[in-house]
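Report on one structure; see the data block that follows.
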Number of protein chains: 2
Amino acid sequence: MSPVTIKDIARALNLSTSTVSRALRDSSEMNPETKKMVLDYAQKVNYSPNPMAVSLRASKSKAIGLILPEIANAFFSQLINGIEDVAYAHGYHVVISQSHETYEREVNNLNYLSSRRVDGILVSLSSLTTDLHPFHALMDQGMPFVFVDRVPQQGQVHKITSDNFEASYNATKHLIELGKKRIAHLTSPRYLSITTERLAGYKKALLDYDLTFKEELVKYFHYGGAVAQENEKTIHGLLDQVQPPDALLAASERLTMASLEILHKRNMRIPEEMALVGFTNNAVAGLLNPPLTAVVQPAYQMGEQAAKLLIELIESPQKVNEFQNLILPSLLDIRSSTIGSKPFIS
Amino acid sequence: MSPVTIKDIARALNLSTSTVSRALRDSSEMNPETKKMVLDYAQKVNYSPNPMAVSLRASKSKAIGLILPEIANAFFSQLINGIEDVAYAHGYHVVISQSHETYEREVNNLNYLSSRRVDGILVSLSSLTTDLHPFHALMDQGMPFVFVDRVPQQGQVHKITSDNFEASYNATKHLIELGKKRIAHLTSPRYLSITTERLAGYKKALLDYDLTFKEELVKYFHYGGAVAQENEKTIHGLLDQVQPPDALLAASERLTMASLEILHKRNMRIPEEMALVGFTNNAVAGLLNPPLTAVVQPAYQMGEQAAKLLIELIESPQKVNEFQNLILPSLLDIRSSTIGSKPFIS
DNA sequence: TTGTAGGCGTTATCAG
DNA sequence: CTGATAACGCCTACAA
């Protein structure tokens, strides 16, 4: 009924628990026949070691913590996918927690995970995080950390990101080459790394193509698009400016969809009146009205790499003696919301 | 550096570990002053109990396992959301694993979770699962189980589902009332509960409105829509029949999107030539081309209820002496893919 | 009211 | 080559 233990096996085979343990750990310093006997019996009774006992003994939980803004989002769920696959393959399980884009919950989760004694933590920062002290406090205590996608702007940490500068540069360039002159950029709060990098790519493209950067065409969304009211107010405000934009570059899933929705409501012709490029990993971008030109981040691969690095950090910290900073390329999927082969009629 | 233990506190305060333990557990059988002293000190040094030790002692892991087909899917990620929130609030963490719609990986995950000594398991079955023996074997050993959404067709188990019959009935009725006569149903393999129930709702609506059920208008997808090749072959086949349908009712996220994509490719007018209703929790259903009439399941609530029930089962099994079978209502979001207020031009 | 001792399951060290 | 012992951190009879 209750799980078989080493003690049970020892009793059944008239051996000591140490011998059984040795056999199970496949030690070479023992009689091969004894070993075989133990292994066979263990197999027969379907023995599997109690992970809590192993963990207690080794002071390792074989668990990694994950803190991210939200789960129900194409980018993050693909990211989890990559993380889970790698973690699982290495015998780790993943404890997921969501910050819901608030700093308070993020710190709560951090405390929860450390009290859970996870062996390492993966983080994608909330849009409201400015103070990294709680993270550094844990790092100083030796907890391995890897940041993914939304990483700290400064400080020595391990990070896995996608090439936000390049992605944003290419998206902007694409719009410019289509003749757009007043390209607006809708993005997350300033203090996020992704914001800075995407903004920089956007600016550089303008510069390279002799368009002047206009501050009034950049809108920062405090909640990164998570609050519908803020989205509507700001986007309508942008479109109602005296000199409205002729194209939008939205820097997040939610901002992209909010923009599209508002363009629909205003019955604007896309891309003639207003072109739209958005960062999104949603699989149905091509089925939207109109099919959406999208910046697609390599979410699954980012998850894989992040988990891989974290597990290396956990298992052989000395091997990784420099701070890693891996940058994976994004894709620009060009569709009708910019090239407009199919007219959108509302 | 290393975490504070009860022993550390005992030493610092010149007490025995049992006294410290008692204070921490807020025992009444002790000197209030001693208790206060311990509590204050524990607070000061930021003591938190080692969960592995607690788990080993109590033989409870405070973890629940979750097996589902995939994470990167709007329905399942919302489901996880609900589960996580409830679990977290009760001090449990969730170990997620994906079957990727195969039976083999599902059984692997089951074994992994039980070797991990999770306190209970939540399952949404893969589309290929027919043999429930591995589940029942574990149940017989006392492992609490709750099934969600894709639940076993027979056998005494706890289940949380949405009202598939009603949802499907209403969707079909909606199509009939719009004048559709040849409504096709695209669905998962026959042995899934959701398939049977959705098929039954579909049939009943036809019956109630004097339309005859035609076997050739029902298509079962072995992989539940996960394999693009099967999707295309089957859907094109359906549309190429001598008497093609005039409406589609797709019973899963992937089948819905695959259908829409193929209708696009064939330049069909939706809903005039072909109406489409699909089961999907994708937030952007309203931004699709055309905006999609969707059956939306209460994924978050299903997750909450499932986690709540499982935790009850774990913590007070005697309280739940009957098999629960909770059925939550779905929503039908009616949009242009059926009522066609906005023409779709390709 | 507090302390001692033993055990949860495992493994490493040290004897034999 | 095998066995006894102790320890990981916590809790709880039982003893004082």
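So you know, we letter chains A, B, ... as the sequences are listed, proteins then strands, and number each from 1. Quick note: numbers below take in every heavy atom, side chains included, and nothing from hydrogens, waters or symmetry partners.
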Under 4.0 angstrom, heavy atoms only, what part of the nucleic acid is B:I6 near: base, sugar-phosphate, or nothing? sugar-phosphate
Show each protein N/O and nucleotides 12-16 of chain D N/O combination with a separation under 3.5 Å, one pair to a line.
none

Residues that B:S124 engages under side chain to side chain donor-acceptor pair (under 3.5 Å), provided they are two or more places apart: none
Can you check the A:L13 CG to D:dT2 P distance for me, whole Å? 12 Å
With no hydrogens and no angle check, is any side-chain donor or acceptor of A:Q153 less than 3.5 Å from a backbone partner on A:L192? yes
The bend of the helix from C:dT1-D:dA16 to C:dG16-D:dC1, taken between the axes of its five terminal pairs at each end and rounded to 10°, is 60°
Residues passing the side chain to side chain donor-acceptor pair (under 3.5 Å) test with A:R150, sequence neighbours excluded, are A:E101
Most 5' of A:T5 and B:S16 on DNA chain C, judged by nearest nucleotide: B:S16
Does the salt bridge (Lys or Arg N to Asp or Glu O under 4.0 Å) test come out yes or no for A:K36 and A:D40, once each step is laid out? CA-CA 6 Å; A:K36 185 167 179 349; A:D40 287 351; 2.7 Å; yes
Chi angles and distances behind the salt bridge (Lys or Arg N to Asp or Glu O under 4.0 Å) call for B:D26, B:K35: CA-CA 8 Å; B:D26 200 30; B:K35 191 198 283 186; 3.0 Å; yes
Using a cut-off of strictly less than 4.0 Å between a heavy atom of the residue and any atom of DNA chain D, enumerate the qualifying residues of residues 29-50 of chain B by number. B:Y47, B:P49, B:N50
Please state whether the phosphate of D:dC8, meaning OP1 or OP2, lies under 4.0 angstrom from any side-chain nitrogen or oxygen of B:K7. yes
ring-ring contact (aromatic ring centres under 6.0 Å, His included): which pairs involve residues 99-119 of chain B, sequence neighbours left out? A:Y88-B:Y112
Test applied, side chain to side chain contact (heavy atoms under 4.5 Å, CB included); reference residue, B:I80; option that passes from B:I71, B:L122, B:N73, B:V94: B:I71
In whole angstroms, how far is the P atom of D:dG3 from the CZ atom of A:R11? 15 Å
B:E315: what forms a side chain to side chain donor-acceptor pair (under 3.5 Å) with it, not counting sequence neighbours? B:Y92
Contacts of A:R57 meeting side chain to side chain donor-acceptor pair (under 3.5 Å) (sequence neighbours excluded), chain-then-number -> none
Is there any side chain to side chain donor-acceptor pair (under 3.5 Å) pair reaching into residues 300-314 of chain A, and which pairs are they, with sequence neighbours excluded? A:D85-A:Y300
Going 5' to 3' along DNA chain C, which nucleotides are the first and last within contact of chain B (any atom under 4.0 Å from a heavy atom)? C:dT1 to C:dG9
Applying ring-ring contact (aromatic ring centres under 6.0 Å, His included), which residue pairs with at least one partner in residues 34-81 of chain B are found, sequence neighbours left out? none
For the residue pair A:F145 and A:F135, categorise the inter-ring angle as parallel (less than 30°), tilted (30 to 60°) or perpendicular (more than 60°). perpendicular
Side chain to side chain donor-acceptor pair (under 3.5 Å) contacts touching residues 8-18 of chain B (sequence neighbours left out): B:T5-B:D8, B:D8-B:R11, B:S16-B:S18, B:S16-B:T19
